[in-house]
Amino acid sequence: MNCESHAAKPCEGMWQLGHKLSIANQTPIPSQRLGDWSVLADRTDSGTQGITIAVVGKYTGNVDAYTSVVKALQHAAMEANLRLTLEWVDSVFLEANAHQLDAKKHEVAWATLRAAQGVLVPGGFGTRGIEGKVATAAYCRQSQVPYLGICVGLQTAVIDFARNVMGWEGANSTEFDEATPHPVVEFLPEGSTTIMGGTMRLGSRATIIREPDSLCCRLYGGKPVIYERHRHRYEVKASCVPAFEARGLMFSGQDDRGQRMELCELTGHPYFVACQFHPEFQSRPA
């Protein structure tokens with residue numbers, strides 16, 4: 001038996017199949033199906049005004065950790081017809097003791113933050129770099145720089161406000177300091193502090209926007225109820241909220257029982273907004 005000729009038969013059959021498929025796939029694609037993509041491509045390239053956003057996180061050595069955040073910012077820039085420049089800031093180097101560890105990186109981190117036109121603090125776990133995120137919230141609050149905090153970015157904004165506006169020295173989250181005298185962020189009451197598997201608050205949840213005149217309500221197009229995805233184990237301590245709101249940190253979005261703080265904004269600030277959920281998970285180019 002001629003093995004070479006015998007082996008050629010299945011190859012010939014595959015070639016014929018491929019040829020038939022190529023003919024079948026030559027049907028012209030309707031122009032309207034390409035139209036939306038052409039519009040998106042044109043809008044991506046048409047932005048004339050640039051904007052620089054600093055992303056302050058603890059995983060900046062691997063920016064893929066923030067892929068959903070990056071894509072959401074790109075979608076927003078496209079919608080606003082802006083050319084987006086992202087600057088990555090490692091929150092570790094914003095901390096006060098970073099000057100002793102590496103003065104140059106400390107200076108560069110703060111210079112990058114101060115040069116940005118807006119700041120986003122995304123989620124994260126653990127104590128490393130947390131004080132840098134708290135310092136970021138304080139800088140944006142005091143300097144009137146636009147701030148968006150996501151998940152832990154909300155919690156660090158609350159910690160800053162508790163310490164530096166309320167005067168609650170040592171205020172913190174029990175995730176970062178179990179012995180804090182002012183636990184303004186606490187572990188989910190229904191969760192377990194010892195069994196970590198399956199203890200997160202996950203998935204789509206309803207948020208009731210309390211104030212129709214709030215910035216958060218305008219951001220969501222006037223909707224009284226929104227649904228966003230969650231992924232967290234810690235939340236703002238509800239009993240602290242009346243004191244915060246009396247000083248201007250408004251929790252304009254809460255759960256249906258008014259026990260979980262979902263959205264906050266700072267009165268008198270041009271744009272200081274934070275959310276416990278992850279809005280970037282549902283972002284799509286318009």
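Heads up: numbering here begins at 1 and tracks the sequence.
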Report yes or no: do Tyr66 and Leu84 belong to one cluster of Ile/Leu/Val/Met/Phe/Trp/Tyr joined by side chain heavy-atom distances under 4.5 Å? yes
Quick check for you: to the nearest 0.5 Å, what is the distance between Asn172 atom CG and Thr156 atom OG1? 10.5 Å
Identify the heavy atoms of Gln144 and Pro270 that sit nearest to each other, and give their distance. OE1-CD, 3.0 Å
Could you measure the distance from the SG atom of Cys264 to the CG atom of Leu215? Nearest 0.5 Å is fine. 11.0 Å
Would you compute the distance between atom NE2 of His106 and atom CZ of Phe93 and round it to the nearest 0.5 angstrom? 11.0 Å
Any donor-acceptor pair under 3.5 Å from His269 side chain to Cys140 backbone: yes
Within the 3.5 Å criterion, strictly below it, is a donor on Gln155 or Gln276 matched to an acceptor on the partner's side chain? yes
Is a side-chain donor or acceptor of Trp110 paired with a backbone partner of Leu94 at a separation under 3.5 angstrom? yes
Salt bridge (charged side-chain N to carboxylate O under 4.0 Å, His left out) evaluation trace for Glu131 with Arg163: CA-CA 12 Å; Glu131 290 301 322; Arg163 292 177 184 175; 2.8 Å; yes
Counting C-beta onward and ignoring hydrogens, is there a side-chain heavy-atom pair between Val236 and Leu154 closer than 4.5 Å? yes
So, taking the atom named SG in Cys240 and the one named CZ in Phe251, what distance separates them when rounded to the nearest 0.5 Å? 9.0 Å
Give a yes-or-no answer on whether the side chains of Glu87 and Thr112 include a donor-acceptor pair shorter than 3.5 Å. no
Is there a side chain to side chain donor-acceptor pair (under 3.5 Å) between Ser252 and Glu265? Walk through the geometry before answering. CA-CA 7 Å; Ser252 47; Glu265 58 188 84; 2.9 Å; yes
Run the side chain to side chain contact (heavy atoms under 4.5 Å, CB included) check on Lys237 and Met261 step by step: do they pass? CA-CA 8 Å; Lys237 191 173 183 178; Met261 303 303 115; over 6 Å; no
Looking only at heavy atoms, what is the nearest atom pair of Ser214 and Ile209, with distance? OG-CG2, 4.0 Å
Val63-Ile150 co-clustered via ILVMFWY side chain contacts under 4.5 Å: yes
How close do Thr174 and Pro183 get, heavy atom to heavy atom, and via which atoms? CG2-CB, 3.7 Å
If you measure from the Lys or Arg side-chain nitrogens to the Asp or Glu carboxylate oxygens, is any gap between Glu262 and Arg210 under 4.0 Å? no
Approximate separation, where rounding is to 0.5 Å, of Tyr139 OH and Arg114 CZ: 7.0 Å
Checking side chain to side chain contact (heavy atoms under 4.5 Å, CB included) for the pair Leu113/Val119: CA distance, chi angles, key distance, verdict? CA-CA 8 Å; Leu113 180 64; Val119 176; 3.6 Å; yes
Main chain of Asp64, side chain of Thr67: is a donor-acceptor contact present, judged purely on distance under 3.5 Å? yes
Quick check: do Glu175 and Thr127 have side-chain heavy atoms less than 4.5 Å from each other? no
Backbone of Gly132 reached by a side-chain donor or acceptor of Ser91 within 3.5 Å: no
Salt-bridge criterion met for Asp90 and Lys58 (N-O under 4.0 Å): no
Apply side chain to side chain contact (heavy atoms under 4.5 Å, CB included) to the pair Arg141 and Phe272, showing each step before the final yes or no. CA-CA 7 Å; Arg141 175 179 55 79; Phe272 193 101; 3.9 Å; yes
How far apart are the closest heavy atoms of Ala72 and Glu280, and which atoms are they? CB-CB, 3.8 Å
Is the ring pair Phe277/Tyr220 parallel, tilted or perpendicular, if the boundaries are 30 and 60 degrees? perpendicular
Answer yes or no: are there more than 12 heavy-atom neighbours, outside Glu178 itself, under 6.0 Å from its atom CD? no
I would like to know whether Ile53 and Ile51 meet side chain to side chain contact (heavy atoms under 4.5 Å, CB included); could you show each step before the answer? CA-CA 7 Å; Ile53 302 296; Ile51 188 169; 4.1 Å; yes
Test item: Thr180 side-chain N/O and Gly170 main-chain N/O as donor-acceptor pair under 3.5 Å: yes
Side-chain heavy atoms nearer than 4.5 Å, only ILVMFWY residues, links allowed to pass through others: does that put Val165 and Val185 together? yes
Are Val108 and Val55 connected in a single hydrophobic cluster, I mean Ile/Leu/Val/Met/Phe/Trp/Tyr linked by side-chain heavy atoms less than 4.5 Å apart? no
Say you draw a straight line from CD1 of Ile130 to CD1 of Ile159; how long is it, rounded to the nearest 0.5 Å? 7.0 Å
Geometric class of the His182/Trp168 ring pair [parallel <30°, tilted 30-60°, perpendicular >60°]: parallel
State, with a plain yes or no, whether a side-chain heavy atom of Phe244 is found less than 4.5 Å away from one of Met166. yes
Nearest heavy-atom pair of Gly126 and Phe176: which atoms, and what distance? O-CE2, 3.4 Å
With the side chain counted from C-beta on, respond yes when Leu120 and Val56 share a heavy-atom pair under 4.5 Å apart, and no when they do not. no
Where is the tightest heavy-atom contact between Leu263 and Cys275, given as atom of each residue plus distance? CD2-CB, 3.6 Å
Quick check: is Val241 connected to Val184 through a chain of hydrophobic side chains (ILVMFWY, heavy atoms under 4.5 Å apart)? yes
Mark yes when over 12 heavy atoms from residues, nucleotides or ligands other than Glu169 sit less than 6.0 Å from its CD; otherwise mark no. no
Any side-chain heavy-atom pair from Lys71 and His75 closer than 4.5 angstrom? yes
